[in-house]
Amino acid sequence: MNAKIHILTIEDDKNMCAYITALLSKDNYRVTNAATGREGLSLTASLCPDLILLDLGLPDIDGFQVLQQLRGWSHVPVIIVSACDEEQQKVHALDLGADDYVTKPFYPNELTARIRTALRHNRTTAPSETYRALELEIDFDRRMINLAGRQIHLTQIEYQLLSLLAQNSGRVLTYNAIMRQIWGPYAEKNNQILRVNMANIRRKIERNPADPQYVFTEVGIGYRMREKE
């Protein structure tokens, strides 16, 4: 099923490398390992992997530097796999362009599911004309939103926010990334205006805003839209 998908792990822990390789090989992924950040950058350029699993604590340069350099010339999906569970570290990694962040120790099924999501998202190179999930449908071309056959009316800002999340469905978008995209690079750091608009959106599209089905909050980090069907 995944015979042609090549995953590069940039990880210096040999035991962790062996574990990840064994786990992914069961799903027929091809796995290559780099033990340092510089080796990982070199192998990315020469092998063009389909996805990278990147540790932050590397022996030569840290994972943030690797990610920053990668994003200067590559859009390859990158999932951070790190023992660090600090909120600010996660936010920084996502702001630098990571597609996801998995904390060690992780459940095997969690890692493989995150990999599948990142790969699916990367294959959609052009924005989809329509988003569909459960009873929600967003027609980007016509700028129309329907929920269970009923048209939903949003303000311009609300529509821009929901469209941004829907076109990146399955991915976590940080508060800062959303603020920059919607209100521009000089938007205030205070994200209260974002929270207010998201609360309004939830009241309009969620059956129970306290238990959302479509727009999820990643506490202290940002928002994630349910993956489209």
Side-chain angles (χ1 to χ4, degrees), residues 51 71 75-80 87 90-103 106 109-184 187 191-229:
L51 182 139
R71 284 296 174 254
H75 295 291
V76 61
V78 177
I79 298 177
I80 302 297
E87 177 185 302
K90 295 180 181 180
V91 171
H92 187 42
L94 291 165
D95 274 340
L96 285 177
D99 292 77
D100 207 343
Y101 194 113
V102 177
T103 304
F106 51 80
N109 290 341
E110 177 191 8
L111 180 63
T112 54
R114 303 277 189 119
I115 288 172
R116 289 193 297 271
T117 296
L119 288 170
R120 278 197 299 268
H121 185 269
N122 190 55
R123 287 182 185 129
T124 310
T125 53
S128 172
E129 293 181 0
T130 306
Y131 167 92
R132 292 187 185 90
L134 300 178
E135 297 180 303
L136 181 65
E137 179 175 314
I138 304 173
D139 186 326
F140 300 118
D141 188 43
R142 299 167 64 194
R143 298 176 66 88
M144 290 181 61
I145 300 169
N146 286 285
L147 181 67
R150 175 173 57 90
Q151 189 169 349
I152 301 297
H153 298 281
L154 301 181
T155 67
Q156 182 177 350
I157 289 294
E158 289 167 359
Y159 177 79
Q160 290 176 3
L161 281 168
L162 191 61
S163 295
L164 176 64
L165 289 167
Q167 289 175 346
N168 289 276
S169 63
R171 293 185 64 187
V172 178
L173 298 185
T174 65
Y175 299 128
N176 287 344
I178 297 171
M179 293 287 290
R180 286 197 303 269
Q181 187 76 19
I182 302 299
W183 285 279
N191 57 29
Q192 182 62 26
I193 187 173
L194 172 59
R195 294 176 186 273
V196 169
N197 278 279
M198 291 307 303
N200 291 337
I201 290 171
R202 280 189 169 133
R203 279 195 290 271
K204 294 177 181 181
I205 69 169
E206 302 285 4
R207 291 185 182 276
N208 179 5
D211 183 23
Q213 293 180 293
Y214 300 108
V215 180
F216 307 101
T217 300
E218 299 289 341
V219 179
I221 299 174
Y223 296 100
R224 172 176 56 86
M225 187 90 173
R226 187 188 192 97
E227 191 173 355
K228 66 180 181 180
E229 298 171 352

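The analysis underlying the following values was restricted to heavy atoms, covering all of them including side chains, and did not include hydrogens, waters or symmetry mates.
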Would you please name every residue forming a salt bridge (Lys or Arg N to Asp or Glu O under 4.0 Å) with [X], sequence neighbours left out?
X      : value
Arg224 : Glu218
Arg171 : Asp99
Arg132 : Glu137
Glu110 : Arg114

field: Qualifying salt bridge (Lys or Arg N to Asp or Glu O under 4.0 Å) pairs, either residue in residues 145-168, two or more places apart
entry: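 Found Glu158-Lys204.
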Which residues pass the side-chain contact (heavy atoms from CB on, under 4.5 Å) test with [X], not counting sequence neighbours?
X      : result
Glu135 : Leu147, Ala148, Arg207, Tyr214
Ile157 : Thr155, Gln160, Leu161, Ile182, Trp183, Asn197
Asn146 : Met144, Gln151
Asn208 : Ala210, Asp211

- prompt: Rounded to the nearest 0.5 Å, how far apart are CG of Leu162 and CD1 of Ile138?
  reply: 4.0 Å
query: Roughly how far, to the nearest 0.5 Å, is the OG atom of Ser169 from the CG atom of Leu164?
result: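 Output value for this atom pair is 11.0 Å.
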query: What residues form a side chain to side chain donor-acceptor pair (under 3.5 Å) with Thr174, not counting sequence neighbours?
result: Asp95
Contacts of Arg143 that satisfy side chain to side chain donor-acceptor pair (under 3.5 Å) - sequence neighbours left out: none
message: Donor-acceptor check, side chain of Arg202 to backbone of Val215, threshold 3.5 angstrom: yes or no?
response: yes
query: Short question: side chain of Asn191, backbone of Leu194 - any donor-acceptor pair under 3.5 Å?
result: no
- line: Residues passing the ring pair (Phe, Tyr, Trp, His ring centres under 6.0 Å) test with Tyr223, sequence neighbours excluded, are Tyr175
